[in-house]
Number of protein chains: 2
Amino acid sequence: MKSSRITLKDLAKDLNLSPSTISRALGNHPAISDFTKKRVQNRAEELGFRLNSIASSFRKKKTDSIGIIVPRIDIHFHSLVISGIEEYAYNNGYHVTIFQSKDLLKREKEIAKILQTKMVDGIIICLSIETKNCDHFKKFDKLGVPMVFYDRVPTDFEANKIVINDFESAYTATEHLINAGCKRIGHIAGNQTTDIFKARLEGYKAALKKHKLPIDSSLILPTNNLNYEEGVKCAQKYMELPELPDGIFCANDYTAVSIIQVFRKAEIKIPRQVAIVGFSNYPISKIIEPNLTTINDRAFQMGEASAKLLIRQIEEKNDFIESETITLKTELIIRESSAKVPVTKKVVSQK
Amino acid sequence: MKSSRITLKDLAKDLNLSPSTISRALGNHPAISDFTKKRVQNRAEELGFRLNSIASSFRKKKTDSIGIIVPRIDIHFHSLVISGIEEYAYNNGYHVTIFQSKDLLKREKEIAKILQTKMVDGIIICLSIETKNCDHFKKFDKLGVPMVFYDRVPTDFEANKIVINDFESAYTATEHLINAGCKRIGHIAGNQTTDIFKARLEGYKAALKKHKLPIDSSLILPTNNLNYEEGVKCAQKYMELPELPDGIFCANDYTAVSIIQVFRKAEIKIPRQVAIVGFSNYPISKIIEPNLTTINDRAFQMGEASAKLLIRQIEEKNDFIESETITLKTELIIRESSAKVPVTKKVVSQK
DNA sequence: CTGAAAGCGCTTACAG
DNA sequence: CTGAAAGCGCTTACAG
């Protein structure tokens, strides 16, 4: 059934040339005459010859493939990152193979083992939420396979990282609320075992301190996953307080949206009574009413930057660089949900 | 820098066994004694030996890899499908390599050529919006590489397809509006060069006919991409009519959401004055107020089914089957946006 | 139950 | 500018 493919040798026989010459002609080797190249390339096209890139990879010890490990593909943030990776990789002759850890350490370890056999040229990873140490990735260092981590990155070992400045972003978001006139600012915090959410909480606190506002722990509500349902619960907790906050910085957009909806049902005016700022610039932030002020976390660019750094490391093999960390500039997108006084639409870039 | 990997031959020498035996022991071949297997496997683990699966694929002419071509990874529907594919593939020993056509025929053709060299065992494809014929995929048939198409599938040649019944789903959605008491039902139609959107329009018309309601072409609004902005324009067009429709079946959720928002701003009551039904069960359909009645299009299951069918075809090589088409059951999820008379939450499965 | 040998389809250092 | 030859790291049909 599987009709046998034409090999490079077949093509060589057909053209009365050696396999060496065919290989070089197809690879556009400078030593081959233009006449021969044209002849070979035309005939290859005619016969529908396709190089067996597995054989080629095997011989060259280079697969032109990048392994990606993400918690889940269907989380919008990760799908944007993957899209950015694929785009950059494609334009540079690489292809991407994707694995989902499902946020399980066990599965992440399994995938790491599989990737060691797949001979990928490099790996891009967002750690699972369960991952506390990166021993299972150390083998890649030994094998000389470069790795780049994004978003949830390791703290226990030197590694290439693409991150945003969560502290600064949170600081900027909180300061924006302060500038809008808020005095009692709450924070819906992400899981405090994860560094990025710790940093967002710290940024929030720092902004309050800077502006001499008290840090009121009753206004800081912890969550596990920052999902919509947890947001609803947080909104209810705020409503049970003797006094509502007048601004809330949420560690992501889902909780921000749920707060808006619960408050609106309770006839609490947004932004007049409570101004809201989210984090991530999810599509819903442009649709929810009022539109949500939020932080653009550069998901697509994070993917591009990850792929770019990884491919550079694959191709340069610069022995003097131990690791690189690239911090992307975020952007505060100001929309209606924080406009205590009506503002014209504007954007504040984090410096 | 790249420390040389341990090969199977090294392991053989270390254990004083032949490479044949090592290969069989690692592959759990029945002819090898349990004692030898244990010895080999333990020593492999000790030395951190990892089989070079490129060499193995090359030799076996089997890569255990599936190529995926989607328009874009960051469209939620596709990210769910990919997630379903990855999940099923992973559990069955395959990995997935993803390419984005960006809805460009030119790029889709490029990717098809690349995949011919990559020696993938099979391919899953959602056609680009520009694709009118599938000549660029015919080569895979010749090479004996199975293909499965989902969602946007070819009509010009026999192929394995995973689809939903768009006609029936649209019929069910429209009939639901009729049962809710609507008499003047509009439809926001998708690009009519795409079969699935043609089918949704036909299903809508068929339901009206069945219930002896007139088909009023002024209520059928065409769009190109069914995006939010087009939805806004459609809403405005409806408002310019001498009389509003009392129900609208939208070919996707984005346009449904935009209609809801524009109408609400104009103080048009939903669902009392106009009932709305969407299509796809996007996350936003649960968040928008009122919650959106919609069709669950089984994106994740579509991915699972695609992978399952593909892997079956890869492994069975049944020469008697020309092609298979699997139609997934959709589900009408009834929420507030269509509740002319208040209903308790329920779900109607398409039979 | 184990081994020797051939070979998968390329690429590349070497030679001319 | 082109070719002969070796070999990448496995697997498997064949032999014992």
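Throughout, protein chains are lettered first and strands after them, A, B, ... in sequence-line order, and every chain is numbered starting at 1. Any value given below was found using the heavy atoms of this structure, including those in side chains, with hydrogens, waters and symmetry copies removed.
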Sugar-phosphate only, base, or nothing, as touched by S56(B) at under 4.0 Å among non-hydrogen atoms: sugar-phosphate
Between dT12(D) and dG16(D) - C1' atom distance, rounded Å: 16 Å
Residue pair K118(A), D64(B): steps toward the salt bridge (Lys or Arg N to Asp or Glu O under 4.0 Å) verdict: CA-CA 10 Å; K118(A) 296 290 179 190; D64(B) 301 331; 5.0 Å; no
Residue matched to dA4(D) through Watson-Crick or wobble contacts both under 3.5 angstrom: none
Distance-only donor-acceptor test (3.5 Å): side chain R24(A), base dG3(D): yes
Gap between atoms NE2 and C1', on H29(A) and dC14(C) respectively (whole Å): 13 Å
Distance, rounded to the nearest Å, where K9(A) contributes NZ and dA6(D) contributes C1': 13 Å
Validation row, ring centre Y94(B) to ring centre Y88(B) under 6.0 Å: no
Under-4.0 Å side-chain N/O to phosphate OP1/OP2 contact, K61(B) with dG9(C): yes
Sugar-phosphate only, base, or nothing, as touched by L51(B) at under 4.0 Å among non-hydrogen atoms: sugar-phosphate
Integer-rounded Å distance: dC10(C) P and L26(A) CG: 9 Å
Length of the NZ-P vector between K62(B) and dC8(C), whole Å: 20 Å
Candidates dC10(C), dG9(D), dT2(C) - which lies nearest the side chain of T7(A): dC10(C)
S18(A) side chain near dG3(D) phosphate (N/O to OP1/OP2, under 4.0 Å): yes
side-chain N/O S33(A) vs dT2(D) OP1/OP2, d < 4.0 Å: yes
Any donor-acceptor N or O pair under 3.5 Å, side chains S33(B), T36(B): yes
Modelled atom types, side-chain donor and acceptor of T131(A) and S128(A), under 3.5 Å: yes
Value in whole Å for how far the P atom of dC8(D) lies from CZ of R5(B): 15 Å
Under 4.0 angstrom between T21(B) side-chain N/O and dG3(C) OP1 or OP2: yes
Distance, rounded to the nearest Å, where L8(B) contributes CG and dA4(C) contributes C1': 15 Å
Interatomic distance where CG belongs to L15(A) and C1' belongs to dT2(D) [whole Å]: 14 Å
Length of the CE-C1' vector between M119(A) and dC8(D), whole Å: 10 Å
Ring geometry between F149(B) and F157(B) (parallel below 30°, tilted from 30 to 60°, perpendicular above 60°): perpendicular
Nearest-nucleotide 5' precedence on DNA chain C, A55(B) against F35(B): F35(B)
Residue closer to the 5' end of DNA chain C, F58(B) versus L17(B) (nearest nucleotide): L17(B)
Side-chain N or O of T36(B) closer than 4.0 Å to phosphate OP1/OP2 of dT2(C): yes
Pair S65(B)-T97(B), side-chain donor/acceptor within less than 3.5 Å: no
